[in-house]
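Heads up: the structure comes next, in structure tokens.
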Amino acid sequence: MSEMLAALRSFNEEPAEARRPYYSRDGQSRVRYHSNFDLFRSPAAIWRDTLYLDMAPTGPSPEEIPPACRGIAVEFTREVQRLGGTLFELLSEALGLHRGFLEQHEAGCLEGLSVVGHYYPASPQPQLTMGTSRHTDPSFLTVLLQDSVGGLQVLHRLRRDDQPVWVDVPAEPGAFTVNVGDFLQLLSNDRFRSVEHRVLSKSVGPRVSVACFFRPHGAAAAARVCAPILIGDGAASPPRYRSATVEDLIVHYRDKALDGTSMLDHYRI
Ligand SMILES: O=C(O)CCC(=O)C(=O)O
Ligand SMILES: [Fe+2]
């Protein structure tokens, strides 16, 4: 875990010429490096740079991955996929289904993994910007690793009737944070809820984090379909969402930008 964070830090601290070849805003490219994926659409810019590595089902060839992260990214991906296998088994059981259900489902929950490394430089005026604006994740699940700087917060209702408040997620060395993403909320027909979160900008830094999004990309995303899983004949709880391919969901999320609204509103029946 610490090696993955260190590798991302060294990549981001290389001279601009070394990083330039990886700069891309083309969502089809399996390796992309940029800041603000929604730069031209979102209401506000955020204070971070991001390296996207779409590792599964088909990852980039080793030469396409920046040398600083090459070996560790492949090993880290393998370990996070193993963890994801266990998490989807537990979630299947929590839905009252057999262990392999979510892995075998036509949505392909475990098939794809994008490893997304963020680098948040120290900000001279942190009160004027966010590290990451509030959002829910475009994934089935997100396994998130952060370093010790902190700044990640979740929106949480302390008591059922209270207004939700922002709560700090402790930056524990060696710990992962697991977020339910929007695709799993749709699939579970609202039985699992995606979590709204954000990252504050800080005057200390840099902060490095790795968000591992369980979701397929490319041809696999076009082939995978998400529709609410209904229990019994569905009469007790009818579908709350239209079905959509993972590709549709991702395109809609990118077009919508981090504007504070939920992508799921668009699919809600
Ligand atoms: O940097 C973090 O801790 C969170 C990043 C995040 O929320 C995301 O990539 O979706
Ligand atoms: Fe997120």
Side-chain angles (χ1 to χ4, degrees), residues 1-2 4-9 11-12 25 27 31-39 42 44-55 69 73 76-77 80 84 87 112-123 126 129-156 166-185 192-202 204-215 217 249-250 252-254 256-264:
M1 290 160 110
S2 54
M4 184 70 211
L5 291 169
L8 283 164
R9 180 166 180 169
F11 168 70
N12 277 280
R25 291 187 174 278
V31 177
R32 312 183 287 287
Y33 179 54
H34 58 237
S35 65
N36 290 269
F37 74 91
D38 52 359
L39 185 61
S42 76
I46 52 175
W47 196 259
R48 72 174 197 204
D49 292 323
T50 300
L51 177 67
Y52 292 79
L53 302 171
D54 290 337
M55 299 299 285
C69 317
F76 185 77
T77 298
V80 172
L87 292 171
L113 190 68
S114 292
V115 174
V116 175
H118 301 300
Y119 182 89
Y120 300 84
S123 166
T129 184
M130 292 299 288
T132 301
S133 313
R134 64 189 290 177
H135 68 285
T136 49
D137 285 345
S139 64
F140 295 106
L141 271 192
T142 308
V143 168
L144 181 80
L145 172 64
Q146 57 170 332
D147 68 10
S148 57
V149 174
L152 175 65
Q153 297 186 319
V154 290
L155 195 58
H156 181 61
W166 289 106
V167 177
D168 290 328
V169 176
E172 294 282 349
F176 284 123
T177 301
V178 178
N179 292 341
V180 168
D182 287 336
F183 306 173
L184 187 58
Q185 178 167 335
F192 297 133
R193 298 284 181 146
S194 59
V195 60
E196 206 167 344
H197 55 287
R198 67 181 186 182
V199 181
L200 300 178
S201 201
K202 291 203 167 197
V204 291
R207 172 179 185 270
V208 180
S209 67
V210 195
C212 303
F213 294 105
F214 280 93
R215 65 168 184 226
H217 63 264
L249 295 168
I250 293 173
H252 177 67
Y253 186 88
R254 287 199 185 126
K256 181 190 77 63
L258 294 189
D259 65 355
T261 66
S262 167
M263 66 171 286
L264 289 173

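Just follow the structure's listing: the first ligand is 1, and inside any ligand the first atom is 1. All heavy atoms count here, side chains included; hydrogens, waters and symmetry mates do not. Quick caveat: nothing in here was measured; it's all calculated off a predicted structure. FYI, the numbering just counts along the sequence from 1.
Proximity of Q146 to ligand 1, defined as any heavy-atom pair under 4.0 Å, is not found for any part of the residue. Heavy atoms of L144 found under 4.0 angstrom from ligand 1 belong exclusively to the side chain. Contact annotation: for V116 versus ligand 1, there are no heavy atoms closer than 4.0 Å. If you look at H197 next to ligand 1, the close heavy atoms, those under 4.0 Å, all belong to the side chain.
Looking only at side-chain heavy atoms (C-beta outward), Y120 and S201 stay at 4.5 Å or farther from each other.
Taking the six-membered ring where tryptophan is involved, the planes of F11 and Y33 are perpendicular, since the angle between them exceeds 60° and thus also 30°.
Checked against side-chain hydrogen bond (donor to acceptor under 3.5 Å, both in side chains), Y253 has no partners two or more places apart in sequence or in another chain.
Heavy atoms of R207 come nearer than 4.0 angstrom to ligand 1 in at least one pair.
Counting atoms of ligand 1 from 1 in the listed order, those under 4.0 Å from a heavy atom of F213 are 8 (C), 9 (O), 10 (O). For ligand 1, the atoms sitting less than 4.0 Å from at least one non-hydrogen atom of S209 are 1 (O), 2 (C), 3 (O), numbered in the order shown with element in parentheses.
Among the atoms of R48, none of the N or O lies under 3.5 angstrom from an N or O of ligand 1. By the 3.5 Å distance cut-off applied to N or O atoms, D137 is counted among the residues near ligand 1.
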Check your understanding: Where do H118 and T132 land on the side chain to side chain contact (heavy atoms under 4.5 Å, CB included) test, with the steps shown first?
Key -> CA-CA 10 Å; H118 301 300; T132 301; 5.6 Å; no

**Study point:** side chain to side chain contact (heavy atoms under 4.5 Å, CB included) between V31 and L51, intermediate numbers included
**Key:** CA-CA 7 Å; V31 177; L51 177 67; 4.2 Å; yes

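Among all protein heavy atoms, the one lying closest to atom 4 (C) of ligand 1 is V199 CG2, 3.6 Å. Nearest non-hydrogen protein atom to atom 9 (O) of ligand 1 is H118 NE2, 2.6 Å.
Between D147 and the choices R207, R9, M1, the side chain to side chain contact (heavy atoms under 4.5 Å, CB included) rule is met once, by R207.
Remark: the backbone N or O of V195 is paired with a side-chain donor or acceptor of H197 at under 3.5 angstrom. R215 places a side-chain N or O within 3.5 Å of a backbone atom of P138 that can act as its donor or acceptor partner.
Here the Fe ion (ligand 2) has protein N, O or S atoms under 2.8 Å from it, and they come to 3.
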